[in-house]
Number of protein chains: 2
Amino acid sequence: MSKKIKNMEEFAAVSGISRPTLSKFFNDPNSVRTSTKQRIEAALERYDYQPNLYAVNQNRRLTKNIGIVVPNLSDPFFAKIARVIEDHILQTSFRPVLLGSHGRPELEIENLENLRSIKPAGVLLAPIGRASDRQHIEAFCKEVPTVLFDANIEGVGEAFVGSNNEHSIGIMVDYLCRTGEPPSFFEMKSPTNPNAIKRRNAYITAMEALGYTPHLVQAEGEGWEFEDIGFKQGLRALREGKFSTNTVLCSNDRLAIGLLSAAFEEGLRVGIDPNCALRIAGHDDHPFSQFTCPTLTTVSQDYEAIAKRSVEALFDTIDAKTSGDSREETLFDGRLVMRSSA
Amino acid sequence: MSKKIKNMEEFAAVSGISRPTLSKFFNDPNSVRTSTKQRIEAALERYDYQPNLYAVNQNRRLTKNIGIVVPNLSDPFFAKIARVIEDHILQTSFRPVLLGSHGRPELEIENLENLRSIKPAGVLLAPIGRASDRQHIEAFCKEVPTVLFDANIEGVGEAFVGSNNEHSIGIMVDYLCRTGEPPSFFEMKSPTNPNAIKRRNAYITAMEALGYTPHLVQAEGEGWEFEDIGFKQGLRALREGKFSTNTVLCSNDRLAIGLLSAAFEEGLRVGIDPNCALRIAGHDDHPFSQFTCPTLTTVSQDYEAIAKRSVEALFDTIDAKTSGDSREETLFDGRLVMRSSA
DNA sequence: GAATAATCTTTACGCGCGTAAAATAATAAA
DNA sequence: TTTATTATTTTACGCGCGTAAAGATTATTC
């Protein structure tokens, strides 16, 4: 708790330990003898010193940084999964570096460029999706071990970890059909996210398997303001009677939250009860979906499993060093979360 | 679009520009003659080179990094304001480094430590609040120019930028009293955030000024799961008839969202209409408050102004170099957002 | 076209640390 | 205690870039 130490040389002088040994210690405290380790730690108590991050990393080919890039940190879904991933990384000797792309492909690329300049050991990337600059990302993945999560880009990155949309939409459609009228599917007309496409197809497949005619209701609009789009386009769809039955399955929870709001505006009672006019279901188990009115029936993505597996997959490829012979795709099944909206 | 360049020396060779000039260019492209700049930029098109970040910064006393630390990135309020701040910084030659503390004071300190090791030019910090390690933060602020925002810690940092809670609670109480029964105040019993204390006091003052008796309803609970606390404790308060009138002003929107959900659960109609059983108002204009059912009447914090002023204040102190003679506190007035819940 | 100013090149050193090699010291095994 | 093993110290060099100084080149001005 005293004098400020400038560099490792100086710290070596005051602590009575040679500089190379200190260097070893800071790289891995257990690589030195226990008695030495204790002496160093005692000295660290008394003197305020930490190695210069920039000098430490300048000769390293790789650092101990792991980049995390998500499309939009303002979306609680990504905030949540990023948080879980961060926690997993913090439990290792690596450090997470979290970047959000604000939904903008240019920023996504810029984030990757910036990451490249800090020479990360690896990167976990949830691509924006359709709008992403595939070429650029592909080039990046060739230089830095990268695992994609949430949104897949075929053939890019060392691995992909995400949700099994076929399964989750399947169980939801089954559930809805079993307990009431078959659902229409409410989605963005031109979704940025590839999961949306998979969900649409899964919906169609599931409906046909049950002998029903699929019915898509597509919302116009671009961007990430899903609640707003869900509200405005949902309101219009409700007024124009676009939904073929009393049941709507939304492509994601944020759209569902908007639709819920629109239904309320229209004075429509939403819920599973027989005296309700509408049933609405979502997908993702968005952090807020348990507080909507009524609470939202949805499919929970397995955040924990996706985060854990993504991190594992990344460390696997980092350790293996053998880049990209086999690209593994891991999909986790969702879980039906029955609440009161459907 | 070709050969990979290892270092500036090599890039100097292939581009025909001397290394010191290149160094100048990378520090400020406009510090070299236009013709030279063009030659360099042309070479950059053909060769893949970017200066080694670590080598660049190792001799600098300060880097071009600005740290941003918020209590919790999973809270859309902080996600949003962080996003606006990031945008402001991106418009300068500085780069934002965003860190969330997951609501944990240890992580907050760790984030600051990590920031210190990257030698940021300055830091924008929204402290967790009561739980924050004041001593540690104070010590940090003495080394790195730091501007606090959202939550104030008296005397710490070069400046503080936040909301004028007295004003915003004042106008809300006025509005509620003018249009119906005077409100109870629903809040956390022991809030982490200092704004909560100010809002409580502002509520009491405003009520007394209007000749009403203040009535506090305090929710037990710790942590950041405000919606959940608002729901559970709100449900109990409703059942036990804890609210003295049909009107409730919540300390923040997330609590209000929980209470809204509880009211729905209890079959209570919420809204400004005469045939409704309850009026609920919030504070913050949380991104989701326009999609609740009913939409939430609240006070909008001036995100844009707070973000802008915070960044300005930080650059002021960075430029001035003269650390902390006068600590400036800037408060922005909120704006009443009338929607349908109250 | 010469004089002045601005810019560039050459040369050289330093930053703080990683790390290799050889010598020395501390520990463990015999 | 001696020997074998492991850990530490000494010495020395390199990483990629910032930057200072002095001389050479270019642009600007009259």
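What's counted below: heavy atoms across the whole structure, side chains too, no hydrogens, waters or symmetry copies. Computed from a prediction, not measured in an experiment: that's the story for all the values here. Residue numbering restarts at 1 for every chain, and letters A, B, ... go by the order of the sequence lines.
- Taking atom CZ of B:F25 as the reference point, atom P of C:dT7 lies 15 Å away to the nearest angstrom.
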| Heavy-atom protein contacts under 4.0 Å, nucleotides 16-24 of chain C, coded B base, S sugar-phosphate only, - none | BBBB-----
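- At distances below 3.5 Å, not a single donor-acceptor pair connects side-chain atoms of A:S35 with backbone N or O atoms of A:R33.
- Considering only side-chain N and O atoms, B:T21 lies nowhere under 4.0 angstrom from the phosphate OP1 or OP2 of C:dT7.
- Of the residues in residues 11-18 of chain B, B:G16, B:I17, B:S18 come within less than 4.0 Å of DNA chain C through at least one heavy atom, sorted by number.
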| said: So if I define the base as every atom that isn't primed, P, OP1 or OP2, how would nucleotides 23-28 of chain D read as a B/S/- string at a heavy-atom cutoff under 4.0 Å? | reply: ---S--
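- Between A:D302 and A:R309 no salt bridge is recorded (no basic side-chain N to carboxylate O distance below 4.0 Å).
- Remark: the A:E108 side chain and the A:H136 side chain contain no N/O donor-acceptor pair separated by less than 3.5 Å.
- Residues satisfying the side chain to side chain contact (heavy atoms under 4.5 Å, CB included) criterion with A:R130, sequence neighbours excluded, are A:S190, A:T192, A:E222.
- Around atom NZ of A:K119, more than 12 heavy atoms belonging to other residues, nucleotides or ligands sit under 6.0 Å away.
- Under 3.5 Å, the side chains of B:S101 and B:N111 contain a donor-acceptor pair of N or O atoms.
- For B:K37 and C:dC8, the NZ to C1' distance is 17 Å, given to the nearest whole Å.
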| said: Using the rule given for side-chain hydrogen bond (donor to acceptor under 3.5 Å, both in side chains), can you reason through B:S117 versus A:Q50, listing the C-alpha separation, both sets of side-chain angles and the distance that settles it, and then say yes or no? | reply: CA-CA 8 Å; B:S117 74; A:Q50 56 183 147; 4.8 Å; no
Donor-acceptor pairs under 3.5 angstrom involving side-chain atoms of residues 76-89 of chain A: please list them, not counting sequence neighbours.
from  : atom 1 : to     : atom 2 : distance (Å)
A:R83 : NH1    : A:D87  : OD2    : 3.4
A:E86 : OE1    : B:H102 : NE2    : 2.8
A:D87 : OD1    : B:H102 : ND1    : 3.4
A:H88 : NE2    : A:E304 : OE2    : 2.8

| query | Once Watson-Crick and G-U wobble pairs under 3.5 Å are found, how is DNA chain D written in dot-bracket notation, 5' to 3', with | for any base paired to another strand? | reply | ||.|||||||||||||||||||.|||||||
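- Taking the six-membered ring where the residue is Trp, B:F11 and B:Y49 present parallel rings, their angle staying beneath 30° rather than reaching 60°.
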| message | For a side chain to side chain contact (heavy atoms under 4.5 Å, CB included) check, start with the C-alpha distance between B:I153 and B:E138, then their side-chain angles and the critical distance, and finish with the verdict. | response | CA-CA 9 Å; B:I153 304 180; B:E138 207 164 358; over 6 Å; no
